[in-house]
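Below is one structure, written out as structure tokens; comments come after it.
Atoms considered below: every heavy atom in the structure, side chains included; atoms not considered: hydrogens, waters and symmetry mates. Lettering follows sequence order; numbering is per chain, from 1. Source: prediction; values computed, not measured.
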Amino acid sequence: MERSRLEKLQRLKEKNLAYPHKFQVSYEIGQIRSKYEKPTDRKEVSVKGIVKRISKLEDGYIVRISSKAGIEMLAMCNEELKTGEEYILKGNIGRYEGKLCLFSAKPVEDDNPLEIENLKAEYDLDPNFEEISLAGRLITLRSMGKAIFGHLQDASGKIQIYIKKDIVGEEAFKDFEELVDTGDIIGVRGKLFRTNTGELTVEVESFNLLTKSLHPMPEKWHGVKDVEVRYRQRYLDLIANEEAKKIFLLRSSVVGELRNFLNREGFLEVETPILQHVASGANAKPFITYHNYLEQNLYLRIAPELYLKRLVVGGFNKVYEIGKNFRNEGVDTTHNPEFTMLEFYVAYWDYKDLMDFTERLISHVLLSTVGTLKINYREKELDFTPPYKRYAYFDLLYEKTGKEKEFFLKDLEGLRKLAKDLGVPNADSLTHAKLIDKVFDVLVEDELWGPCFVLDFPKILSPLAKTHRQDADLVERFELFVAGKELANAYTELNDPLEQRERFLEQLREKEMGDEEAMQMDEDFITALEYGMPPTAGEGIGIDRLVMILANVDSIREVILFPALRRF
RNA sequence: GAGCCGGUAGCUCAGUCGGCAGAGCAACGGACUUUUAAUCCGUGGGUCGCGGGUUCGACUCCCGCCCGGCUCACCA
């Protein structure tokens with residue numbers, strides 16, 4: 001804690017001004033901005049302006065340009081402009097932190113450019129001295145002597161405040177100067193106006209310090225870069241780094257739109273146990289915990305699958321759950337020990353119905369969050385316009401190796417040799433199923449860039465999927481691949497309890513042969529199947545990975561608010 | 001778990017060959033009533049991740065440990 005701030009807090013306490021219980025706000029910051037700032041639809045325009053200030057970003061420059069009369073806006077530009085020079089800039093009109101901004105701006109010759117005033121008149125409305133009260137964290141302060149400017153911020157946006165000695169009075173002005181720091185949370189009451197440069201601003205008539213920050217804020221220009229601070233103290237990341245905040249707002253709207261879509265399609269949202277007696281439904285190592293009263297070990301679920309299918313047995317024909325799964329495995333850029341999955345099940349559908357449905361679901365999420373089906377990921381385009389390409393599992397392997405399905409399923413030693421030649425680690429000790437999986441991984445997965453379905457997996461990889469109607473070696477299963485990563489996994493569900501028991505037994509044999517991730521037998525689930533589960537299809541979608549793709553980030557930690565880290 | 005890279009002021013980062021620990025922002029004092037990465041003048045601020053070792057002398061070289069990043073292995 002910083003000593004000067006503690007001393008200020010002490011004085012606030014003496015004046016009985018510290019930590020008030022309530023401050024009435026008339027708007028959220030983002031609300032008042034959207035009331036007076038119209039959406040821009042990215043129209044291409046040319047604007048005339050004088051360059052006032054240039055700031056370098058990682059990629060290009062952000063430029064403040066001004067009209068002759070001093071009205072200002074921003075421009076994002078890749079070319080280096082000269083301060084003080086007048087340019088005509090052509091670009092797409094948008095907003096950056098609420099301010100009008102010309103994106104992809106390029107200097108051009110144009111005999112009929114707009115004035116900044118024209119754009120402002122169109123998109124930025126006159127607040128007409130509306131009386132409002134707002135609160136937020138004070139993130140910048142610019143003292144001019146007898147007047148002070150600053151910005152208040154919350155997750156919805158930021159807004160400028162203007163504190164004038166004449167207006168707030170001698171004593172309040174002195175209090176502000178002596179007791180308020182950047183980082184404090186303050187409430188203001190006053191009139192909305194626009195400054196000479198055109199920025200929406202609260203002319204403060206009175207203010208209250210609501211909460212003192214006892215630590216200085218991260219640096220305003222560079223933000224917080226240290227990932228240890230960003231992940232362990234995510235609140236600082238959210239305050240200081242606009243990009244980080246945007247990712248989590250995006251994540252929230254993705255999850256919201258998934259719910260909207262599924263609810264509209266007649267699905268029922270349910271919650272199933274996270275503490276389970278049997279860790280099954282996926283191939284993974286579980287976390288083990290202990291329940292004192294029950295006097296037994298429980299597992300944190302590795303998947304909700306077997307419980308959701310029990311609900312289909314119970315007559316809930318369309319169910320879904322969005323929730324955490326827990327897997328006691330490595331941590332890296334695509335794996336966090338707890339991660340969020342959407343799983344849904346539909347009675348009387350098969351996996352082909354699910355492919356069509358997946359295309360509709362993804363389309364809905366993309367259009368309602370990022371607003372387009374074509375996005376850039378890692379410098380390459382991803383086009384989610386349906387239909388996605390569909391490839392049969394063994395066709396992909398045949399293309400790469402010239403070998404047919406029989407080779408992979410029957411010639412274990414030949415397969416083992418192929419795996420070794422491909423450099424698959426521990427090829428000598430892997431089980432048959434693992435070998436196929438690894439070989440597919442090495443040969444094919446990275447190349448599945450555009451969204452595509454891989455379908456008809458070998459049965460030995462899929463203990464819960466129904467045998468293929470045309471080929472007893474296969475199951476009716478598909479995975480959706482995007483950017484070389486598995487994004488969704490789905491199949492026609494195995495609903496024959498006798499066959500399901502055999503498949504579990506096969507898994508137990510795999511476990512004995514050294515596959516630690518082979519599935520556990522779930523007798524209670526088989527009992528449920530014995531009562532009869534209708535023909536059903538089910539699917540799981542990794543929410544974290546979906547958000548990674550939409551946010552164009554390559555680490556799962558960027559889309560999880562508090563990712564798993566070692567205790568410091 | 002292995003290999004490589006990193007940890008220096010509240011934040012972002014420099015620190016040469018082993019020779020007094022640096023800048024910008026933030027903070028503190030002062031000027032400034034439409035500024036906006038405000039500007040101008042001045043001041044203070046360090047367990048150089050932790051612990052050993054080498055050396056007259058270590059942020060710097062060596063060893064061990066902690067934390068993180070990337071790559072790999074396991075996994076979605």
Closest nucleotide of RNA chain B for A:N283 versus for A:V229: which of these residues is on the 5' side? A:V229
Both distances under 3.5 Å, Watson-Crick or G-U wobble: report the partner of B:rC65, or none. B:rG49
Would you mind telling me which residue lines up with the more 5' stretch of RNA chain B, A:H222 or A:T182, judged by nearest nucleotide? A:H222
Is the A:Y393 ring parallel, tilted or perpendicular to the A:F457 ring (thresholds 30°, 60°)? tilted
Looking across every strand, which nucleic acid part, if any, lies under 4.0 Å from A:G70 by heavy atom: base, sugar-phosphate, or nothing? nothing
Rounded C1' spacing from B:rC59 to B:rA9 in Å: 14 Å
State whether a side-chain donor-acceptor pair under 3.5 Å links A:E115 with A:S67. no
Contact class for A:F173 (heavy atom, under 4.0 Å): base, sugar-phosphate, or nothing? nothing
Distance criterion of 3.5 Å, no angle test: do you see the side chain of A:D332 paired donor-to-acceptor with the base of B:rC74? yes
Does A:R557 make a side-chain N or O approach to OP1 or OP2 of B:rC70 shorter than 4.0 Å? yes
Any idea which of B:rC67, B:rC28, B:rC32 is nearest the A:R232 side chain? B:rC67
Indicate, with a heavy-atom threshold strictly under 4.0 Å, whether A:N328 touches base, sugar-phosphate, or nothing. nothing
Residue A:P216, side-chain atoms from C-beta onward, closest of B:rG10, B:rU35, B:rG68: B:rG10
Please determine whether a side-chain nitrogen or oxygen atom of A:K8 lies at a distance below 4.0 Å from atom OP1 or OP2 of B:rC28. yes
By the 4.0 Å heavy-atom rule, please label A:D181 as base, sugar-phosphate, or nothing. sugar-phosphate
Quick one about A:E177 and A:S143 (side-chain donor to acceptor, distance below 3.5 Å, no hydrogens or angles considered), yes or no? no
From C-beta outward on A:R545, which listed nucleotide comes closest to its side chain: B:rU35, B:rA76, B:rU33? B:rA76
Choose from B:rU12, B:rC32, B:rU33 the nucleotide whose nearest atom is closest to any side-chain atom of A:K225. B:rU12
At under 4.0 Å between heavy atoms, what does A:N325 touch on the DNA or RNA strands: base, sugar-phosphate, or nothing? nothing
Under-4.0 Å side-chain N/O to phosphate OP1/OP2 contact, A:R64 with B:rA37: yes
Report yes or no: is there a donor-acceptor pair, N or O only, under 3.5 Å between the side chain of A:E199 and the base of B:rU34? no
A:N196 has its side chain closest, among B:rC11, B:rU34, B:rG69, to B:rU34
Using OP1 and OP2 only, check whether a side-chain N or O of A:R5 sits under 4.0 Å from B:rA27. no
Select base, sugar-phosphate, or nothing to describe what A:L565 touches, counting heavy atoms under 4.0 Å on all strands. sugar-phosphate
Give none if B:rG42 has no partner; otherwise give the nucleotide forming a Watson-Crick or G-U wobble pair with it, both distances under 3.5 Å. B:rC28
Partner of B:rA21 under the Watson-Crick or G-U wobble criteria, both distances under 3.5 Å, comes out as none
Testing B:rC28, B:rC67, B:rU35 for proximity to the side chain of A:E228, the answer is B:rC67
What's A:Q160 touching, base or sugar-phosphate or nothing? Going by heavy atoms closer than 4.0 Å. base
Return the nearest nucleotide to the side chain of A:T333; candidates are B:rC74, B:rU71, B:rU33. B:rU71
Pair partner, B:rC70 [Watson-Crick or wobble, under 3.5 Å]: B:rG3
Pair A:T211-A:D184, side-chain contact (heavy atoms from CB on, under 4.5 Å): steps then yes or no: CA-CA 6 Å; A:T211 307; A:D184 294 349; over 6 Å; no
Would one find more than 12 heavy atoms of other residues, nucleotides or ligands at under 6.0 Å from atom NZ of A:K511? yes
Could you give the distance separating B:rG52 and B:rG15 at their P atoms, to the nearest angstrom? 28 Å
Would you indicate what A:S55 reaches in the nucleic acid, counting non-hydrogen atoms under 4.0 angstrom: base, sugar-phosphate, or nothing? base
The side chain of A:R142 lies closest to which of these nucleotides: B:rC11, B:rG69, B:rU35? B:rU35
Check every strand shown and say whether A:G330 touches a base, only sugar-phosphate, or nothing at a heavy-atom separation below 4.0 Å. base
Distance below 4.0 Å between A:K438 side-chain N/O and B:rC74 OP1 or OP2: yes
Within the structure, does a side-chain N or O atom of A:R53 lie under 4.0 Å from either OP1 or OP2 of B:rA37? yes
